[in-house]
Structures are given as structure tokens and as C-alpha cells.
Trainee: 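First the structure, which I've put down as C-alpha cells, then a few questions once you've had a look.
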Amino acid sequence: MRLRMPFRRGKTEFPSHLWTQCPNCGEMLFNKQLVRNLSVCTKCEHHFKLGARERIALIVDSDSFTERDATLVSGDPLGFTDSKAYPARIIESQTKTGERDAVITGDASLGGVPITLAVMNFAFMGGSMGGVVGEKITRAAEHALSARRPLIIVSASGGARMQEGTIALMQLAKTVAALTRLGDAGLLFLSVLTDPTTGGVLASFASLGDIILAEPGALIGFSGARVTSETIGEKLPMGFQRAEFLLERGFVDQVVPRAQLRDRLAFFVAACRLPVAELRWGL
Amino acid sequence: MRLRMPFRRGKTEFPSHLWTQCPNCGEMLFNKQLVRNLSVCTKCEHHFKLGARERIALIVDSDSFTERDATLVSGDPLGFTDSKAYPARIIESQTKTGERDAVITGDASLGGVPITLAVMNFAFMGGSMGGVVGEKITRAAEHALSARRPLIIVSASGGARMQEGTIALMQLAKTVAALTRLGDAGLLFLSVLTDPTTGGVLASFASLGDIILAEPGALIGFSGARVTSETIGEKLPMGFQRAEFLLERGFVDQVVPRAQLRDRLAFFVAACRLPVAELRWGL
Amino acid sequence: MQAVTSDGGVIIDPAALSERRGSPWDAVRLARDQRRPHSIELIGSVFDRFQELHGDRGYRDDPAVVCGIGELEGRAVVIVAQQKGASTDENIERNFGMSYPEGYRKAIRMYRLAERFRLPLITLIDTPGAYPGPEAEERGQGEAIAKSIQVMSVLRTPIIAVVIGEGGSGGALALGVGDVVLMLENAVYSVITPEGCAAILFRSAAEAERAAMAMRPSAPDLLALGIVDGLVPEPAGGAHTDHIVMSASLKRALVAQVERLDRVPLADLLSARYDRFRAMGVWVDPGAGALAERSRPWWRRMLNRARL
Amino acid sequence: MQAVTSDGGVIIDPAALSERRGSPWDAVRLARDQRRPHSIELIGSVFDRFQELHGDRGYRDDPAVVCGIGELEGRAVVIVAQQKGASTDENIERNFGMSYPEGYRKAIRMYRLAERFRLPLITLIDTPGAYPGPEAEERGQGEAIAKSIQVMSVLRTPIIAVVIGEGGSGGALALGVGDVVLMLENAVYSVITPEGCAAILFRSAAEAERAAMAMRPSAPDLLALGIVDGLVPEPAGGAHTDHIVMSASLKRALVAQVERLDRVPLADLLSARYDRFRAMGVWVDPGAGALAERSRPWWRRMLNRARL
Ligand SMILES: [Zn+2]
Ligand SMILES: [Zn+2]
């Protein structure tokens, strides 16, 4: 299945309007200024979702990113159709986002240290994890292991991709196994949770960072809040499943405002480096 | 410090009365029958405290027990005195119990399998752990390691022995370190919690069994219920810090009636034996 | 049980199953049938001298997960199982087989026990999914499942996972990272319940039947897809029609798999387990110049090697 | 700070201290003085670029335990510290430095982080004890402390533990299984609070002063007993009189100890750590025919070896 479509890179979340209203405080924000403020509301600091390319630019040393496995695209193992066939949905998302699937992986440097990076893209089918996301994350972990680099994964996902059925579920095991080998070799895995990180992604690699950072206000949970609310037949408490809630509950190391994320990651990458003489398989 | 005193072995908890009243149900129990029933109330199944020698007889294959390190006695590192000097208290307890300190260790067989065993004696200064208990438990673990035997520890203790000050506290670290080496070598450690197991003993080896069994109704907790109750200024819920409570809270594998204890231990000892070819230091 | 079988009566050839299949929705209903034998019953008939072990050593003993040590033809094994109820009362007690995080943390403790003494680990999967309530979220449902998957993926002892009824989502996979993964013939295993899928993709929970068709959660489909390595035959009318025959069939399968895995050196076992899950997923890489090939089902390689 | 010192200004000769001592009860009161520098303040002045890390990954982030990564003269280290408050408000927030089980479980997570990246682990101990409330009991206070001791005892990275104020019971030892254990000159470290001891043995909490005399929890006594390896000098009037001087003294001591331990091969470090605690305890064995000898203080052997 060869893809022929105009890949549009570098799209922002606010392409066509001059103003955007903050969903949190209601403030009308001038898009240019919003982008300059890293897509954070200048009034209430609401963190808007960020595209994967913008995220990469935000984190790594400038012009240091080299993409890996950029051409992988999804198959359709089940011949899945709901109101639309799965392949058609994929192409639709590809056209909309200019990306081939829901994660971008590659090498870069961060504060001068070589790293491997995977950034999920919620705009692509809700950041869902199917075979391509699973394969690319796994390859990134395996590459980081063989190249002895720390790995940073920035998650933004609604969970496993239903259109690939149980095969999508198996991506949880596949990615976790690869990341576990990385960790057992003494290489750092930094997990960054952004809005939203839920379902199968939270129930696999996203929860296994040696250090876990989250963006302010990010929705983070295993079950959708709707499901949870229906389960108990009650409204959920304010802030339930938000980053700050998870911090208090002990599942997140830090909630980091976007403007500080690069420096924070750079610090941990620099600090958590096993002396080369001791790099090894298994502790 | 040589000890010269009549060591009286094999004392039971009910030596001098014909009848004992059950503290739980109030039933008057004929001592002979009570002992025959393993010191369990025939009406309500209240488990009376059991002396260390009776406990050993209850657990191991008959006549298989060989005591180790039987002659160790306590020093007085601090010259500790409250209303009485520590050495005098020791001698008092020795005279009362016929034992030299609060734990008896040795080798035995259980269901035909060679084991090492340590049984604490609450009657000796509340089963408190000072240098002798720490040393004997440590030696038992080290011996089990070198002899490739599973280790069973039956705890009954109010905690660390205050009369040895901070040295008593260090026994927590000493015993835990020895038991950890045992476990890392793939040897089973079965911890049996009896009434009461509290304080420093619960906060060290007693909580670290691969499998943890408890006797029905045994008081098990880190802080004394009195302290806990004073902390919150309220009465504690029924059953707080009892074996069944800990089972429900996930800290105990099974609550085992005394009559079944031997068989249960024998089953686990037989089941959890690393193939000899794989016995090793560190997993 | 007339199908082509390998050792232990496990069906490994999807072709042998073609005429035996109902619709995916039939499969879902059958897998959920309350009359099917559940874990505790199966444990009682398959293993000797089972001793249950309790607790996660941190918060609570979760009754939706039943763990312990038992003997399988004289060989000690560790068993970790999800327990649904056979009655409403039992279902309430067992939370309908839906674990809280402490259930997975109890499972992890048992995995480590199995590892320490090299006891084969057998898991029985039967859950609609991890419990989605707010308390479960507060105590880290996602983290607990992730950690359970992680510990299994590098556990230094053989693991056999069996979906005996409903294998629901991450809550099932948390017990499912096996060297061998089996399903009872009428079990299902899916990324989300058909109802959940229907609510999201078909905009109506009533469309669960269509969602089931699309997701293909039934055992024969998953065998064909290489997600599971073999099917444990059920009695002709389904497991619920004859619990005794069902138990015997499961026992035969487990005995054969334990014997087989016992012969595999540990390092090979671990690398094969990694490869097994590593191979899952379908994608194409035009940039790599060729269609990526589906790798040969792992169990074929494993079976070949173990038979040497 | 005129006393005989080794590298880093640490006092290792008890004889040098004889004229500096108040009564044990003075020591207890001084160690509890709310004006003393507490962990967060010391961390801020001793380490550069400290980043706090939160959470036990299971239940809650316990504010009574402060953990993170910082730099000590450019060397990354993991810090795990107990935090008392300098005010009533802060004391309520920090629960007077008394952890719940999740505090120890957070510490354990940090130990493992230090181990994975071979970062030296520095613990600062300052607690009246583990929190004795019913919720702490329900979540396994005893288990959490035991596990923390266990993980430290075999942790594959250097550990320096420092009692900076009050080292209370198992709740303190849970952070105290170090290759080197230091105390600030006016800190105390005891098996139970003097009040607790008095209530039990002297039948009155008011007898705390007598209990303190009997238990000998002060730093000089514990140095003489070989429980701790060295004392970090405090400013003449006590740590509270000059926080800046105190920090500098602590920093000098930590830098010296990290440098020293960095030179010790890991296997030696682990066996020395085992031997250090193995040697503690006083008993006699008439059956063995001779008085057991107190083994030579561990730090002397360690110092000699590290200097080679
Ligand atoms: Zn706003
Ligand atoms: Zn009674």
C-alpha cells in the first residue's frame, strides 16, 4: 500500500483563525501570541494540546532531530469497518495531520546529550496505538538500547486502536518488553504525559518511566472519565484524573509547565547516566 | 558472665492450675484437655499463647529438633537500669522461663525435609529482640543459606529490646540483611506470626516472609494499639491489628488454625524448593 | 475434540476449526455464560492440594484475583487466576471478575514467588476488564497493569496463560504475557468489550453485535491471527455442558505445556517470549522497499525446538 | 570544630568529644529544637539544582519524605530525606516528619532509581518515628519499614545516611542502612522515644529524662558504641545558631564520603555493608568457651581500605 498524498508538515493547532478562545478561562487569545507562548493561555496557563512536531521543536536542541522509521504505515489486519473502512480512516487522518501515524520517533540531542525520542500525536486518530505506534516505539527502545541513549516518550493517546482488535492490545506487551530491556541495561526512560494520556498507553509504557513528568491539567487515566462516572453513577470530584491529582496520588514525579520542560528533561538526562564502564544487560 | 541456674525445659503456659478461663469466651477449660487441644479453646477456638518448646514440638517431625547456639546470653552494653538493672531482669526471665533468651533456633525436619527453625518466646521479656535474638536469627539465616535449607521463623514479640538502646534497633537491619541473602539465593523463608507480633520484629524479618502465615486472632501491628488509639484520640475498630484484619489488608497469606499449621508449613516447604542445579547467589 | 491436535490435545491448526464456528457474537455470549466453569472450580479439579495465597502486601487482598500454589501431576506450580462468580452473590463478592490495582499487585507478588523458586506460572484469564471505578483510578489502575505486564515479560520461569472465558482488554493482558498463550475453544479476547467498541465507533452500545463481528475476538480468529498459540477443546455443546470433561481437557493441555516448557533453557525461554510479542502487529514500510512479512507464528518455532 | 577530624571534617574519635557533651536529655531537646535546619533547607544549601521527585507509584505522595536528584559538587546523587516543619503549619503539612507507609515506599522507589544509574544515595534522617495512626497500620507500616531496610541492605550503589536531628526508631532506620552512617553532633538516634521508653519501663512519660539517660541516644555515645561511623561538627552553639556554617560542615562531610565510597568496588561495598550491621549486638557465649569479642569498628577497616 503506497501512500501518495501531500504531506503537510509543521501544522499548528491554530492554523486558520486569528483568535482562539481558551476553553478554561474563556479569554480570547491572539493566535500568534498563543503560539509564541508555546500554546499556553497567557491568562490562566491552560496548556493547549500540542502537535508532535511542535513538541519535538520545543524539547530538543535546535535542528538536532533526525526522524527514524518515518515511512511505516498501518496495515488492516482485520478488514475492519464501522461507518467507514479502517484504511479510509487512516488516509483521512494522514491527510488531516500530514503524518503517517500517531507517533514520530527519532534521534536528537538535548543539552548536548544524544537521546532517542518518541512523540505521540493526538490529532492522528486520537493518538491511538496500533501496529505502527507499537512497532515504532519498540524500534525506538531497541535503538536506544543498542546506541546506549536515554529514551524520552511524550504520550498523548486515547488508548489502543480498536480497529486493529486484539492485535492492538498486544502492542502493550510488545512496547513494555522493549522498554524493560532498556531499563535493565541501565538506560534512562523518561515518560512525559500530556493531555490526554489514557487507556492502553497509560496501562503500558507511559506508566513505566524511571521518571514521569506531566503537563499541567493533562487528563491522565486508565478508564475514560465517562465510563468511570457511569460505573458509580455519580459525578466525579473536581480535578479527577488530572495531572495534579496523579501527582498527589503518587503516580507522577513532577507536573512541569511547558516552558520549563526542556530544561527539566535535560537535567534528568544529564544526571541519570550510568557510568559507561557499567553499562550492561541486567543489573 | 557465666550463668548458673536451673534451666527448666518444657514448661507449659498452664502449669499450676487445674482450670483456665478462656479470656475470649469465658469458658472454664480443663488444663489437661486444653493442652491436648494445642492450647486452643475447645469452645471458641481462641488460640492461647504457646511456649517456644511446645511450638517446636507442634511443628517439626517428632524428635527431629536439634538446637543451635543454645548458650548465647545477653550482654549489657549500656549498663541499663530502670527500676531494676538489665542483667537482673534477664536472670529473672531466665529463671521464670527456663530459657536463656527470647528465641530458640535449630535444625529439624518437616515432612522429611530438612529445615532450619527459629521460634520466639513471648514469655521471655515480651519476646523482645536484643543482641541475642538478633544474633541467633542471623546465624539461623546464615546457616540455612550455607546448608541450603528453608527457614521458618515463628514470631511472638513486643518489638526491640529497649534495654539495649539503639543497638537493639540495629538488630532489625542485621536480621533483614541475612534473610535477604537467603532469599536471593532462592531459599524459602516462611514467616509465622503469632500473638503478638509487633514493633521492630514486624518492621523487620517477620514482614518479609516469601509466604506469611498467621494464627487466628493474633495481634499484629507496628505501633501498639494503645499508641495508635491515643494518636487519633478514638477507639479503634473491632479486630484492628488482628490476623484476620491483616489478611483482608493484604499483609498475610493465610490465617491458619494451629491444628493445621504443621501440614501447611510442610506443603510450602515441599513446594518451594528451587531445583538444586539452580541454587545460586542472586537471581 | 475431533480436531487436529498436538500434544495435550491443544488445537494449533486454525484450518481444523472452520466448521466448528458460530458468529463472533455467539462466541461473546458463550464466553460470558454464567454456567461456564470459573477459575476456582477449574483450579479445584485440575490441581492437587491447592493452597490459596492472599494479599498484595500494600493495600488489600483483592478477591477478584485468586492466587496460590498447587500441584499439577505432582509438579508444584503457581496459579494466578481471575475469578468471576457463578451467582449474583458471588459476582458481587468477586466484583464480576474485575480487579482493582491491588489485584494486579497481588499477581505481581505471585509472579516473583514463582520466579524465586522456578515454579511454572499458570494464569487463568476471565474478566470483562479491569475495574473502571474511581477508587481503582486513584490507586493507579494503569500503573498496576503496566507493571504486571512488565514483570511477566522478563519473569525467569515458564509462563502459560489461558483465557478461559472473557479476556477483556488490558485487564486481561495483565495476566497474559505467557510463553504459551492458550484459549478455551469458546473464549474471547479483545481490546475492548464489544459494547464499549460499539458505543465509541458505532455510536450505540446496541451495536455490540456488529462491533464483535468487526473486532474478531473469538478463539479461532485469534488462533488464525497468531495472537494465541493453541485452543483447548471444549465439550461439544460448550464448556458449561460438561465441567468434568472441560477440566480434563484443560489439565491435559497444561500438563503437556509445562512438560514442554520445562525442557527449554531459561535464556531461550526469555528470548522466545520477547520475540513472541515483538512479532505482533501489522504494518507496511514502503520506505524499506518491501512489504514487511508477517513473521512465522512463534509457536511453530517453539514447538519445533522443544521437540528436538 | 576543633576536634580531631578525618577527611571532610567528620569526627571519628569519641575521645575527642568528652568535654563537649551535655546530658542525654539536653541532646534530645537540642535535636528536636525547631530552629535547627531541616532537610529541605539543608538540601537547598548543600546540593545544586535539586529536583524533587514525587510519589510511591501506588497510593499517595507522602510529604513527610522529600526525595529527588541533586548535584553535590557536580556529581549527581539521589537524596531521600525526612522533613519536619520549621513552623506549626509546616509541621501539620509534613505530619511532624512522621511518614506513612507510602513515604517509605516512595523512598524505596528512589533507592532503586539510584541503583539503576549508580547514583550515590544520601539519606537525611529526622523523624520522631513512623506515624502510628490506624491508617498507617492499615496500609502496612511494619511491612513498608521492613522492605525499606531490605532494599537498602543489598542496594548496588553507595549509601550515606545522616541523622540530622531526631532519629526515631524503625521509622528512622528505614532510611538508615548506609555504608556510612553519620550523625550531626547534636542529633539523637534511639530505639524508642525517651517518652515512650519512660511510659513503658518507668511507668510515667514524665520520666523521659531518666529514660534518655538510660538509653544513651546522643551522638557521642553512639559513636563510642560503634553504631555510627562519625559525627558532623555543628557550630559551637548548635546547628540552629548558624545554618550556613552547619550546611558547609555537612557538605564537606558528604563530599568526602562520596569520594571515598566511589573508590570502593561494588562487591566490597556490599559485603562491607553486610558486615557493618552484622557486627552489631552484644552477647556472650559461654558455650563457645570464650567471650565473643566486639569486632573492630567497621569504619576503621573501611577507611584503611579506601585510603590504599
Ligand atoms: Zn485561559
Ligand atoms: Zn474460648
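Please read these numbers as outputs of a predicted model, since none were measured by experiment. All chains are named by letter (A, B, ...) in the order of the sequence lines, taking the proteins before the strands, and each is independently numbered beginning at 1.
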Trainee: How long is the gap from CD on D:E137 to CZ on B:F251, to the nearest 0.5 Å?
Mentor: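 If we round to the nearest 0.5 Å, D:E137:CD and B:F251:CZ are 9.5 Å apart.
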Trainee: Of the listed residues (D:I149, D:I145, D:V177, D:L201), which shares the most heavy-atom pairs with chain B below a 4.5 Å separation?
Mentor: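 That would be D:L201.
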Trainee: Just by distance, do the side chain of B:K174 and the backbone of D:R278 share a donor-acceptor pair under 3.5 Å?
Mentor: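 Confirmed, B:K174 side chain pairs with D:R278 backbone.
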Trainee: Answer with side chain, backbone, both or neither: which region of D:Y189 has an atom nearer than 4.5 Å to a non-hydrogen atom of chain B?
Mentor: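 It is both, since atoms from each part get that close.
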Trainee: Which atom names give the shortest non-hydrogen contact between D:M215 and B:L78, and what distance separates them?
Mentor: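 For D:M215 versus B:L78, the nearest heavy atoms are O-CD1, 3.6 Å.
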Trainee: How far apart are the C-alpha atoms of B:L72 and D:V284, what are their side-chain angles, what is the distance that settles it, and do they pass the side-chain contact (heavy atoms from CB on, under 4.5 Å) test?
Mentor: CA-CA 6 Å; B:L72 254 63; D:V284 288; over 6 Å; no
Trainee: If you apply the rule side-chain contact (heavy atoms from CB on, under 4.5 Å), what do you find for B:M170 with D:L173, and how did you get there?
Mentor: CA-CA 8 Å; B:M170 295 301 125; D:L173 179 64; 4.1 Å; yes
Trainee: Under a 4.5 Å heavy-atom cut-off, does chain D meet the side chain of B:E248, its backbone, both or neither?
Mentor: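 No part of B:E248 comes within 4.5 Å of chain D.
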Trainee: Quick check on D:I192 against chain B: is it the side chain, the backbone, both or neither that has a heavy atom closer than 4.5 Å?
Mentor: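 For D:I192, the side chain is the part near chain B, not the backbone.
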Trainee: Heavy atoms only, distances under 4.5 angstrom: which of B:A168, B:G130, B:A203 has the most pairs with chain D? Name it, please.
Mentor: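 Highest number of pairs under 4.5 Å: B:A203.
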Trainee: Tell me, for B:F205 versus chain D, whether the close heavy atoms (under 4.5 Å) come from the side chain, the backbone, both or neither.
Mentor: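 The answer is neither part of B:F205.
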Trainee: Indicate yes or no for a side-chain donor-acceptor contact from B:Q171 to the backbone of D:M280 under 3.5 Å, with no hydrogens or angles considered.
Mentor: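 Yes, B:Q171 side chain to D:M280 backbone: donor-acceptor pair under 3.5 Å.
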Trainee: Could you tell me which portion of D:R139 (side chain, backbone, both or neither) has an atom closer than 4.5 angstrom to a non-hydrogen atom of chain B?
Mentor: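 Looking at D:R139, just its backbone touches chain B.
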Trainee: Mind listing the closest non-hydrogen atom pair of D:S153 and B:T180 along with its distance?
Mentor: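 It is OG-OG1, 4.0 Å.
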Trainee: If I compare all heavy atoms of D:V282 with all of B:P77, which pair ends up nearest, and what's the gap?
Mentor: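 Distance-wise, the nearest heavy atoms are CG2-CB, 3.7 Å.
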Trainee: Quick check for you: among B:G183, B:G250, B:A178, B:G159, which has the greatest number of heavy-atom pairs under 4.5 Å with chain D?
Mentor: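 The answer is B:A178.
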Trainee: Sequence neighbours left out, what passes ring pair (Phe, Tyr, Trp, His ring centres under 6.0 Å) with D:Y111? Give chain and number order.
Mentor: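 If we apply the ring pair (Phe, Tyr, Trp, His ring centres under 6.0 Å) test to D:Y111, skipping adjacent residues, there are no hits.
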Trainee: At what distance, to the nearest 0.5 angstrom, does CD of D:Q141 lie from OG of B:S207?
Mentor: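 Going from CD on D:Q141 over to OG on B:S207, the span is 10.5 Å.
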Trainee: Between B:F222 and D:A130, which heavy-atom pair has the shortest distance, and what is it?
Mentor: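 Looking at all heavy atoms of both residues, the shortest contact is CE2-CB, 3.7 Å.
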Trainee: Heavy-atom cut-off 4.5 Å, strictly under: side chain, backbone, both or neither for B:A206 against chain D?
Mentor: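 Contact with chain D is absent: no heavy atom of B:A206 under 4.5 Å.
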Trainee: Among B:V132, B:I220, B:T138, which residue has the highest count of heavy-atom pairs closer than 4.5 Å to chain D?
Mentor: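 If we count pairs closer than 4.5 Å to chain D, B:T138 comes out on top.
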Trainee: Under the side chain to side chain donor-acceptor pair (under 3.5 Å) test, which residues partner D:R216, sequence neighbours left out?
Mentor: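 Per chain and number, D:R216 pairs via side chain to side chain donor-acceptor pair (under 3.5 Å) with no residue.
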Trainee: What part of D:L222 is in contact with chain B, defined as an atom under 4.5 angstrom from a non-hydrogen atom: side chain, backbone, both or neither?
Mentor: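 Side chain of D:L222 only, per the 4.5 Å heavy-atom cut-off to chain B.
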Trainee: Is the NZ or CZ atom of B:R161 both under 6.0 Å from the centre of the six-membered ring of D:W283 and within 45° of that ring's axis?
Mentor: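 No, B:R161 and D:W283 do not form such a contact.
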